[in-house]
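In what follows, a single structure is set out as C-alpha cells and then discussed.
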Amino acid sequence: MSKPEGKTAKKGMSKETLDRLTKPVVSKKPTDMDKDCTFQPKLCEKSLELTAGREKFHTRVETDLANYRKAMDARVNAKPGHTFKPNVNIPEEYVAKIEKKGDFEKRIMDDIETRKKKKAALEEQAIAGFTFQPTITQSPKNVKVEGKFLERVTKDLEARKNRDTAEKKDPECKFQPEISKNSTKIMKSKGAPKFKSRMVEDLEKRREKQEEIKKELSKPPKFGKKKK
C-alpha cells in the first residue's frame, strides 16, 4: 500500500537511545579543583595599605552569612512584642478598681456596651412621651399588604420609574377620540409629526420669541434727532 501524500511516518525510538536518556546522570567532582588555578593578581602598594587592617574576603563572607542566619532565626523565633511596662503614679485605690474591671481592651468593650444601653434607655424615655396611638383600619380581604409603609413606598416609586406607559396601558382607559376628515386632510397635507414632537416644536418657537423680546428690550431707546 502506498503512503498518503503530505503525511510523514512517525519515527520510533530505539532501545539504546531510551536507555541512554533514562539513565541517571552522575556528576563527577574533580579531585584537584585548584590545580589549574595558577593565576595570582598583583595588587599595588596603595591597595595593600588600604586593605591592611581588613579581614580576608572569605572571612568577611562567612561573617555576613552568619549574621544573615542569626537575623533569619530571630525573625522565625521572634520574641513577644509590647514588653514595655511604664511606671505610672496611680493611687492604690484606683489600681484595685481598674484590676477588677480587667485589661484595657475589656474596659473599652464594656464602655461601648454601657454607652449603647444608655442610648437605648434615652430613646425609650423620649418615645414614652408620645402616648398617641392611631387606630389603623384593616385592609380588605382580597388585598395583601406586604412589608412596612416605607418599604411599600420605595417599591411603588421604583415601579413608577420602571413602568413604560406606552406598552402598559390601563384597560379602563378605553376612550379613543374621533378625528374629523377635514382634520386628517390638513394633517396629511402639512405632514405634521406626532403630538409630542409638535408640542416640543411649539415650545422651542415660544422660547425663541421670548429671547427675541428680551434682546429688543435690552437695547437702548431710540429718540428723535434734535433739529439744529
Side-chain angles (χ1 to χ4, degrees), residues 1-127 147-148 150-151 153-155 157-162:
M1 293 175 71
S2 61
K3 293 180 181 179
E5 294 180 358
K7 291 185 180 179
T8 57
K10 292 183 179 179
K11 294 182 179 180
M13 188 182 289
S14 63
K15 189 179 179 182
E16 294 177 358
T17 309
L18 185 65
D19 293 336
R20 182 170 56 79
L21 292 171
T22 54
K23 188 177 180 182
V25 179
V26 179
S27 60
K28 294 180 181 180
K29 294 181 179 180
T31 53
D32 296 330
M33 292 180 66
D34 302 330
K35 183 175 70 173
D36 297 329
C37 300
T38 57
F39 175 71
Q40 292 182 357
K42 293 181 179 180
L43 302 174
C44 63
E45 293 181 0
K46 188 68 176 177
S47 298
L48 292 170
E49 287 177 3
L50 291 170
T51 58
R54 295 180 66 184
E55 296 178 351
K56 291 184 179 180
F57 175 74
H58 293 291
T59 54
R60 293 201 304 272
V61 170
E62 286 175 0
T63 52
D64 289 337
L65 286 170
N67 292 329
Y68 176 74
R69 286 179 190 132
K70 284 179 183 178
M72 292 302 293
D73 291 334
R75 189 179 291 180
V76 172
N77 303 316
K79 294 179 181 180
H82 306 292
T83 56
F84 176 69
K85 293 181 179 180
N87 294 322
V88 184
N89 296 323
I90 302 173
E92 294 181 357
E93 297 176 358
Y94 293 108
V95 172
K97 287 180 181 179
I98 291 166
E99 286 178 355
K100 286 179 182 178
K101 290 180 180 179
D103 58 353
F104 178 74
E105 290 182 359
K106 188 177 182 299
R107 293 200 302 273
I108 290 291
M109 294 301 292
D110 293 338
D111 184 59
I112 290 165
E113 289 294 327
T114 51
R115 286 173 184 274
K116 286 180 179 178
K117 287 177 182 178
K118 285 180 180 179
K119 186 180 177 182
L122 289 169
E123 286 178 356
E124 287 178 0
Q125 287 179 5
I127 293 164
K148 295 180 180 179
L150 293 173
E151 292 175 359
V153 169
T154 51
K155 191 176 180 181
L157 287 170
E158 288 176 0
R160 285 172 186 272
K161 287 178 183 177
N162 298 326

What salt bridge (charged side-chain N to carboxylate O under 4.0 Å, His left out) pairs are there with at least one residue in residues 39-68, not counting sequence neighbours? none
Residue pairs passing the salt bridge (charged side-chain N to carboxylate O under 4.0 Å, His left out) test where at least one lies in residues 106-120, sequence neighbours excluded: Lys106-Asp110, Asp111-Arg115
Distance col, row Asn67:CG vs Arg69:CZ, nearest 0.5 angstrom, shows 10.5 Å
Pair Ile112, Ile108 - check side chain to side chain contact (heavy atoms under 4.5 Å, CB included), show working. CA-CA 6 Å; Ile112 290 165; Ile108 290 291; 4.0 Å; yes
Not counting sequence neighbours, which residues clear side chain to side chain contact (heavy atoms under 4.5 Å, CB included) with Leu48? List them please. Leu43
